[in-house]
A.B. asks: 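Here it is, the structure, as structure tokens.
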Amino acid sequence: MRNLKYINLVIVLLLVFSCSDDFVDVASEDENSEEFFNSEDDYQRALTAAYDGLQSTYVNVMLGEIASDNTLSGGESATDVIGFQEIDDMIHTPNNANLRDIWNWMFGAVNRANFILEFQDKTDFTNKNNVIGQARFLRAYYNFELVKWFGDIPLAVDKRIQFGDQFSIDRTPKSEVYALIEQDLIFAADNLPYVQPETGRVTKGAAQALLGKAYLFQDKFDEAANVFQDLINNGPHDLLSDYTTMFENDNENNIESVFEVQYTDKEGAGFGCLQCSEGNVAVGFNGIRNYSGPVFESGFSFNVPTQEVVDAFEDGDVRKDVAILDIDTWATANNASFSIGFEHTGYYNRKYISRKGDLNTGDANLTNPNNYRAIRFADVLLMAAEALNRKSSPDDIAAQTYLNRVRRRAFGDMLHDISTTGSNLTNDIYKERRVELVGEGHRFFDLVRTGRAAQEIDGFVSGKHELFPIPLIEIQLAGNRWEQNPNY
Amino acid sequence: MRHNLFKILTLFFIAYSSAQNVSVSGNVQDDTSFPIAGANVLVKGISKGAVTDFDGNFTIEDVKIGSTLIFSYLGYITQEVVVANSDKLAIQLLPDLAQLDEVVVIGYGTQTKKEITGAVSVLGSETIEALKPTRIEQALQGQVAGVNITSQSGSPGGGSTISIRGVSTNGDSRPLILVDGNVIEDLSVINPSDIESINILKDATAGIYGVRAANGVVLITTKTGRKNMPITVEYNAYGGFQQTTRKIPVLNATEYGVLVNEAFASGGDTPPFTNLSVLGVGTDWQDQVFQNAQIQNHGISFRGGGEKSSYSYSGSFLTQDGIVGGSKSNFNRFTNNVTYNLDFLENFKLTSGLTLTRTNKQNLSENALGSVLFNALNMAPTLSVRDESGAFTIAEGLGNEVINPIAQTSDTHNRGKVFKISGNAGLSYKFLDHFTAQSNIQFNYAEVSSKVFSPIVNYGSGKVFNKDRSEVFEGLNYFKDYTFDAFIKYENKIDDIHNINVLLGTSVFQTTGEFTGFNGFDIKDNSIAFATIEEASDVENINRALGRNPTFDSRLLSYFTRVQYDYKGKYLLSAVVRRDGSTKFGPENKFGFFPSGSIGWIASDEDFLNDSNVFDLLKFRASYGVLGNDRIPDYRFVSLLNGEGTYVFNDNLVFGAAGGAVANPEIKWEKQKTLDIGVDMRFLNNKIDITADYFKKRTEDLLVVPQVSGIIGAGAPGSSPPVVNAGIVENEGFEFAIGYTDNLNDNLKLNVKYNVTFIDNIVKSVSTEGGFLTGGSFGVGQDPPSRMEAGFPIGYFRGYQTDGVFQNQAEVDSYPTINSAVQAGDLRFVDINNDGVIDDDDKIDIGNPIPDASMGLNISLDYKNFDFSAYAFASVGNDIVRNYERNQDLTNRPSYFLNRWTGEGSTNTDPRVTTGANSNGLFSDYFVEDGSFVRLQNVQLGYTFTNTSEDSKLNKFRIYVSASNLFTLTEYRGYDPTASSGAPIGGGIDQGFYPNPKTFLLGVNLKF
């Protein structure tokens, strides 16, 4: 009997201690990032995620206009998106939520591109250089944005910046960042075709155009001129003849589009994660306040064009009515109604405001499907003209040819051709850039890189406002080791 | 020789008979000579015993002469009798007013109230039934010292946050809740009438639950049948109606017109109302939105037991409409609870239970920008509910979120359903006289489904709620979990003075589940009748869009041991060690050790006090332990590709693989060191009962999600900063509870209970870059108002301090202002650091949502057949942020705006109204109010009919009337000062909180 009882005890004890520690060793069903890139499909999926960062550049586009003399901040009131208001008035500080968004979203996107490049040697497949080429273009695109806005930036090459690295990484000088941008774009141009099977993908033309732009920003006019001419002569792009359809939703990815950021209205979005939106958030923000009428839909009345830029158009310029919507005239003519927002100028950025006809999924203001024409062939022609005109041994004839192609499309005749040379031609090119590209986010950086910002923008202080301040909190979060940009 | 042989034989005979075992039997009665059925008779020191039958009789075989029998029954004083011979025993048990033998559940076992060395509070079923809660947490409010309940919402089925001895983490601060050993997260599925007792482990005693114990542990036991009890049937029902406890006074149409005109003029715009005299009173939107809502509850139960078994069944049905939205915010619940206990053998027993619950809830938008009540407060009174054509009026110009709340209610179709099965089964086996082996399994299975239909609507231009395309969402989530416990107990009493109890055990817990959901569009006829996924178009699977895995699997593996020792029942000692392994943490820190110990001294048993008549009980106790907390999202120690990386190619959405939350392989559990020193006292023949505790809890390695440098990519879609251990929080406080019970005379019985808790919460450090975390939201586009920062309470409000209103331009010119637009009539912000500018550095601590003290008072009186009870609770020192004013040009305002500044000397409290840009809406102490309150939680008067006929089956028949939340004394201007989301950082902010209703009920209790 006693033996039986002790056997009972032993059995019970065994049952008690039968679970091993492996029980709490559970792997997630989601993929582990360190065990990825085992097939081409993995690379393609990571590449799609790297493209995703392009959609959050809407802030860059808006602020590129608001910071300049082209538009005013607008909105509901003086305190609506305080970050925008301060940049408009050149009173921004290192405590600016929207600058912080640009910093965070662009570095997030760089990391996604570097994720692919970190593992670029892991698996081979036939299409690999095409994939790597696209990834390197994207890395260059995001780094270009960061260096434009903030100057010297922490730079990671072919690896992600991991948790813990932020305390040892320093700001890399601008010139080195540009050097990497150039290498990335040269590789992309060498390994990508002029036409990709899917719309929205990076092409050779996009890489060359961005490379030329990067050269132009560094005043490397010879290199810029060369790559632009190569693109103009050998690429598949040309100016769109009917300019009025350039920015409409039924003419996306047309012949003039060298690189276009894709958006869609098929997925809902929310204010909780603006960078997640698959729609063009800027379009909703730029829209007409409390609008009711044909063709357009409502928005938050930000980024409103000034009278000065409206007056910059010459008579007969077909681009004026495509770029600028005179809301009073329109409302009267079409029996529409609207409200007046803050800093109402009577004008709206017609290229990028909400239009009827989209699905209005989710929060309709955040899910507009208007693609952002990041690089248009007209821009390429004007940049080429500028490079040819400003290089050490200028080729003003070639410059005029490109400039006049743009003007002939704008006026529909050859009566508005320009034949100036030297610094007069330079100024004409600058004026043309303004009216051709108003509302597309380029003006502020054009003024800064050509040294005209202080005279054109109210409140602009030379030696300070050429760069935007690195958000103070970001300097603190990286261990307080970086110097702030001068005079902030 | 024969003589000696006979002596030797006699000696043997005597020796043999003194070692003899006999069969003992007897009868047990109470003090009124009524037989007690189901009383326990135990042979002391060994695991042998019996239970008295219907007539109070018992028999135990094979009992050694000289051993002691222990007679016990709940509510009566335990007696011990030594077995001298085989004579029949007649035992009379006396009622235990002190309830010192009351059993307290302490985790894998029980102790009597007298033996407890920790801070454990017990709430019995009578109190729970008197308060008539629809959810159990409501019954805890004000009842137990150290426990603070804040309602997340007053809507039917709305939840509450339970915090035990302060907020000790910035993450999930919910306590561990076990119902019969089963982990329950959502208490709305339990019928409060099924509860036998709630035991709350507040100090290191909870340490037996290791890594889940840091927020305290709530152990709930449900009612079962009882052995040898004839079947009793109970029917309880109540019904009544609810009203809002408060309406916020807002401007009527004429006052509104005056103020709007004034604001427009001040902002340089044309006043819109040209003729104020025709405006009249206008629409009272709150009257339109609030209604009297019905509530009713029916419950029936059967309980009984035979010689070797006991069983019970209880079922209930509750339906409650909402005071906002009526049936559009209805909650109903249908529960079934079955228990069955069986003694296979004397020493081999089975316990089992099964609960089935179905709940349905209809939801309206609440406590958010644009919620129904928010809109009712901000809608212009000049607008009527419907226009001439009968359609709902449009709220033009009132901002992007304010819409017609009646239209909003009518257009909301949001339903949630829960179907849940919970079960438990346990076997216990006693062997070798002192050992018990026990094994339990508990499981839960729940299906939570939801359906939201959003029709095409247009509430006016630019409204965020407009929908051009109808949409339906159907979601179905599955939750499964089980807990398996196995342990061995050793109990022995050595030499009658050393009492030892050793427990060794293991526990395994696993929870898994799956989230599924689909969105569909273009519903036929824009009608709820056709709103299903099958009939919708463009159906998308939400898991595909989010790119992440919809399942989860989280586990816990634990080993624990507990040693309890007492010397003569006077010096008590208890020690616990538990080892937990959790899947929340990576290989570096998966396992943790959690030791705790407690001691007690029953001073009143000492000789020097035993003779004195002052103390019936004087007990000192202290406990100290290390507890853990692992409530963080899963898999934060590895880097997973569950972020969002979606782009568009060929005009189609393409889903990529993107990194999710940034990983931190070094995360480990939060470590809480908790100290408690307490004293329990009874006086005057157990009429007065006092318990007092001092406690200090220090939580280290707080799991926080801090801001991190943007360069590591945590700002990318679907990504987020890593979880790090980086904070220290301390809660220190004092609890005091006093109770007085007395039979004043034969007909009058009085019971008064009061408890108060003082808590001081302070964050000791936040060691992330920046040194603080933010949370909560205020206004539109402003910085988060709440912070967790060293030197302040957790979740304190940080904003500008105001000092009156600028009366004239000279005052404006002579003091720093936040910008150049400030003029006479605007609030003056204090320049805290005297640097001549008003900026972020001038923001200071302007309040916090944690109360300094909370207290409860219960009074109950029984007079002849009448019973009366009143429960009140109060909270002092909690602040609330008033965030339900939209502050747009045409939105309505609360009536305190009648006191606004209109010129020099008019007022120094409230600023001017204007449509122009002004900084008066920036977060400052102007928006922080004292939320201290006293609330009469429940008043009840009942009458029990006496049983006139002897052979009537009716054992009890009571009717009663009850009123809940009858009145609240508070200075807070909002709906309900108990309002809080319960979030540690960001709680206490009122955006139109759905108030707890005032309820009037009529009810009946029947017992057969």
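Chain identifiers are assigned alphabetically (A, B, ...) following the order of the sequence lines, protein sequences preceding nucleic acid strands; residue numbering begins at 1 within each chain.
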A.B. asks: Would you mind checking which part of B/Y635 comes under 4.5 Å of any heavy atom in chain A, side chain (CB onward), backbone (N, CA, C, O), both or neither?
C.D. replies: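 It is the side chain, since no backbone atom gets that close.
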
A.B. asks: Yes or no on ring-ring contact (aromatic ring centres under 6.0 Å, His included) for A/Y43 and A/F119, after CA distance, side-chain angles and deciding distance?
C.D. replies: CA-CA 9 Å; A/Y43 283 88; A/F119 290 95; 8.6 Å; no

A.B. asks: Under 3.5 Å, is there a donor on one side chain and an acceptor on the other for A/E86 and A/N98?
C.D. replies: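 Their side chains do not contain a donor-acceptor pair, so the 3.5 Å distance test is not met.
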
A.B. asks: Looking at A/L274, is its backbone amide N or carbonyl O close enough to the side chain of A/S277 to form a donor-acceptor pair, meaning the two atoms are under 3.5 Å apart?
C.D. replies: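 Not confirmed, A/S277 side chain does not pair with A/L274 backbone.
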
A.B. asks: At a heavy-atom distance under 4.5 Å, which candidate from B/N466, B/T915, B/N519, B/I711 has the highest pair count against chain A?
C.D. replies: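 Of the candidates given, the most pairs with chain A belong to B/I711.
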
A.B. asks: Answer yes when A/R171 and A/E474 have at least one side-chain N-carboxylate O distance shorter than 4.0 Å, and no when they do not.
C.D. replies: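 Between A/E474 and A/R171 there is no salt bridge, as every charged N stays at least 4.0 Å from the carboxylate O atoms.
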
A.B. asks: Can you tell me which of A/Q162, A/E34, A/E76, A/R160 forms the most heavy-atom pairs within a distance under 4.5 Å of chain B?
C.D. replies: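 Max contact count across the listed options: A/E76.
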
A.B. asks: If you tally heavy-atom pairs under 4.5 Å against chain A, which of B/P721, B/S709, B/A716, B/A714 wins?
C.D. replies: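 Looking at each of B/P721, B/S709, B/A716, B/A714 in turn, B/S709 comes out on top.
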
A.B. asks: Of the backbone (N, CA, C, O) and the side chain (C-beta and beyond), which part of B/V662 lies under 4.5 Å from a heavy atom of chain A, both, or neither?
C.D. replies: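 The answer is the side chain of B/V662.
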
A.B. asks: For each of B/S719, B/A658, B/S919, tally heavy-atom pairs with chain A at distances under 4.5 Å, and name the one with the top tally.
C.D. replies: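 Going by pairs under 4.5 Å, I would pick B/A658.
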
A.B. asks: So for B/F465, is it side chain, backbone, both, or neither that comes closer than 4.5 Å to the heavy atoms of chain A?
C.D. replies: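 Contact with chain A involves no heavy atom of B/F465 at all.
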
A.B. asks: Between A/G200, A/G108, A/S33, A/S298, who has the most heavy-atom pairs with chain B when the cutoff is under 4.5 Å?
C.D. replies: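 With the most close heavy-atom pairs to chain B, the winner is A/S33.
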
A.B. asks: Passes side chain to side chain donor-acceptor pair (under 3.5 Å), A/Y51 versus A/Q134? Steps please.
C.D. replies: CA-CA 9 Å; A/Y51 270 97; A/Q134 292 176 65; 2.6 Å; yes

A.B. asks: Looking at A/E29, A/Q44, A/Q476, A/E297, which one has more heavy-atom pairs under 4.5 Å with chain B than the rest?
C.D. replies: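 Looking at each of A/E29, A/Q44, A/Q476, A/E297 in turn, A/E29 comes out on top.
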
A.B. asks: Could you tell me if B/D553 and B/Q510 have a donor-acceptor pair between their side chains, going purely by distance under 3.5 Å?
C.D. replies: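 The criterion, which ignores hydrogens and geometry beyond distance, is satisfied for B/D553 and B/Q510.
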
A.B. asks: Please state whether the side chain, the backbone, both or neither of B/L556 comes within less than 4.5 Å of a heavy atom of chain A.
C.D. replies: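 For B/L556, backbone heavy atoms alone lie under 4.5 Å from chain A.
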
A.B. asks: For B/V638, which atoms come within 4.5 Å of any heavy atom of chain A: side chain, backbone, both, or neither?
C.D. replies: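 The answer is the side chain of B/V638.
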
A.B. asks: Has A/E198 got a side-chain atom pairing as donor or acceptor with A/Q196's backbone, closer than 3.5 angstrom?
C.D. replies: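 Side chain of A/E198 to backbone of A/Q196, a donor-acceptor pair under 3.5 Å: no, none is there.
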
A.B. asks: Find the one option among B/P717, B/G713, B/A663, B/G715 whose heavy-atom pairs under 4.5 Å with chain A are most numerous.
C.D. replies: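 Heavy-atom pair counts peak at B/P717.
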
A.B. asks: Checking heavy atoms, do the side chain of B/F552, its backbone, both or neither come under 4.5 Å from chain A?
C.D. replies: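 Neither; nothing under 4.5 Å.
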
A.B. asks: Give me the ring orientation class for B/F487 and B/F560: parallel if the planes are under 30° apart, tilted from 30 to 60°, perpendicular past 60°.
C.D. replies: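 The rings of B/F487 and B/F560 sit tilted, inter-plane angle from 30° to 60°.
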
